[in-house]
*Asks:* 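Attaching a single structure in structure tokens format; questions to follow.
Just so you know, residue 1 is the first one in the sequence shown, and it goes up from there. All of these numbers come straight from a predicted model, not from anything done at the bench.
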Amino acid sequence: MNKLKLLACISLLLPMAATAEFKLDDRYQDKDGDLIADIPADASQQANPSTLIFAYTPVEDPAVYREVWSEFLDHLAETTGKKVQFFPVQSNAAQIEAMRAGRLHIAGFNTGSNPLAVACAGLRPFTMMAAEDGSFGYEMEIITYPDSGIEDVEDIRGKELAFTSQTSNSGFKAPSAILKADYNMVAGEDFEPVFSGKHDNSILGVANQDYPAAAIANSVLNRMLSRDVVSDDQIVSLYKSQTFPTTGYGIAHNLKPELQEAIQEAFFSFEWEGTALEEEFSKSGEAQFVPITFQEHWEVIRKIDDANGVAYNCQ
């Protein structure tokens with residue numbers, strides 16, 4: 001199979017034109033208009049693998065998260081009657097390519113890459129993590145370090161700003177749109193963009209004074225602070241955005257309907273108390289899985305993509 005080329009075409013230096021309505025790749029159908037790929041009607045096109053492959057978004061060290069997810073994956077195996085394997089992915093593009101190629105069945109995709117996974121890989125998102133009271137989400141923050149000489153966002157002019165990757169909402173898309181709209185600052189003209197690859201790399205880069213500033217997801221920052229990977233006195237926040245939806249978890253579109261139902265049941269019936277999942281994600285205030293729809297909960301993210309002139313080219 002040809003390697004998937006994932007292109008986020010960002011036209012930040014040009015006047016914004018009207019963008020096309022969100023559309024799935026031609027290999028998928030959306031007859032019910034919910035913006036996600038339909039399950040194939042032909043049973044011969046539905047997959048029923050003996051081993052389910054699960055991946056968590058490549059935000060931080062995959063080795064850490066293999067253990068964090070272990071009890072949940074045992075529960076997933078028991079609920080579905082399938083073997084389950086954790087797949088450590090190194091990049092958003094690799095994760096999307098794996099699902100498009102049929103090598104990945106269940107995954108958490110970060111906020112910014114969710115629309116790309118839906119459009120190009122047939123992801124059917126159905127849940128995200130939330131607090132005990134049902135509230136959810138995170139904010140994009142632009143951070144620096146003490147005595148960096150940067151007192152506010154305007155002071156980034158002429159300096160470096162670390163992004164994570166072009167598929168990241170808080171690590172690239174949202175700050176790009178906000179900097180242009182609110183501060184008339186454009187990457188490559190008013191500041192030098194650099195890409196760290198992951199949120200933890202950007203946060204560590206600022207804490208260690210390798211980057212003068214970075215745009216990051218504060219949910220990742222909060223977990224790193226809780227684990228004492230970085231300390232409060234190493235970080236200064238310059239800007240905090242509105243709240244965005246967090247990692248969305250979903251299923252490959254072509255799994256058998258009854259298997260998709262069993263996978264969803266596993267997420268919503270998982271008991272968090274006393275697990276490694278609770279220990280890790282309670283650091284960012286999360287305590288349960290709640291139902292979501294891509295059409296409703298990712299509307300703000302699609303609008304940010306529109307503002308940035310993003311086009312999804314699935315080849």
*Asks:* Do the non-hydrogen side-chain atoms of His199 and Ser170 ever get within less than 4.5 Å of each other?
*Replies:* yes
*Asks:* Should we count CD of Glu78 as having more than 12 external heavy atoms under 6.0 Å?
*Replies:* no
*Asks:* Are a donor atom and an acceptor atom from the side chains of Asn169 and Tyr138 found within less than 3.5 Å of each other?
*Replies:* yes
*Asks:* Decide side-chain hydrogen bond (donor to acceptor under 3.5 Å, both in side chains) for Ser113 and Thr167; before the verdict, give the C-alpha distance in whole Å, the side-chain angles of both, and the deciding distance to 0.1 Å.
*Replies:* CA-CA 5 Å; Ser113 68; Thr167 57; 5.2 Å; no
*Asks:* Give a yes or no on whether a salt bridge exists between Asp25 and Arg27, defined as a side-chain N under 4.0 angstrom from a carboxylate O.
*Replies:* yes
*Asks:* Please list all pairs passing the salt bridge (charged side-chain N to carboxylate O under 4.0 Å, His left out) test where one or both residues lie in residues 136-157, with sequence neighbours left out.
*Replies:* Glu154-Arg157, Arg157-Asp190
*Asks:* Could you tell me if Glu286 and Ser284 have a donor-acceptor pair between their side chains, going purely by distance under 3.5 Å?
*Replies:* yes
*Asks:* How close do Glu280 and Tyr65 get, heavy atom to heavy atom, and via which atoms?
*Replies:* OE2-OH, 2.9 Å
*Asks:* Could you measure the distance from the CZ atom of Phe195 to the OG atom of Ser202? Nearest 0.5 Å is fine.
*Replies:* 10.0 Å
*Asks:* Are the side chain of Lys173 and the backbone of Asn308 linked by a donor-acceptor contact shorter than 3.5 Å?
*Replies:* no
*Asks:* Going by heavy atoms in the side chains, are Phe244 and Ile304 under 4.5 Å from each other?
*Replies:* yes
*Asks:* Return the set of residues passing side-chain contact (heavy atoms from CB on, under 4.5 Å) with Gln29 (not counting sequence neighbours), or none when no residue passes.
*Replies:* Lys31, Asp38
*Asks:* Taking all non-hydrogen atoms of both residues, which atom of Ala266 and which atom of Leu76 are closest, and how far apart?
*Replies:* CB-CD1, 3.6 Å
*Asks:* When Phe289 is tested against each of Phe72, Phe126, Phe268, Phe270 for ring pair (Phe, Tyr, Trp, His ring centres under 6.0 Å), which residue passes?
*Replies:* Phe72
*Asks:* Do you know which two heavy atoms are closest between Tyr56 and Val89, and how far apart they sit?
*Replies:* O-CG2, 3.5 Å
*Asks:* To the closest 0.5 Å, what do you measure between OG1 (Thr243) and CG (Asn218)?
*Replies:* 8.0 Å
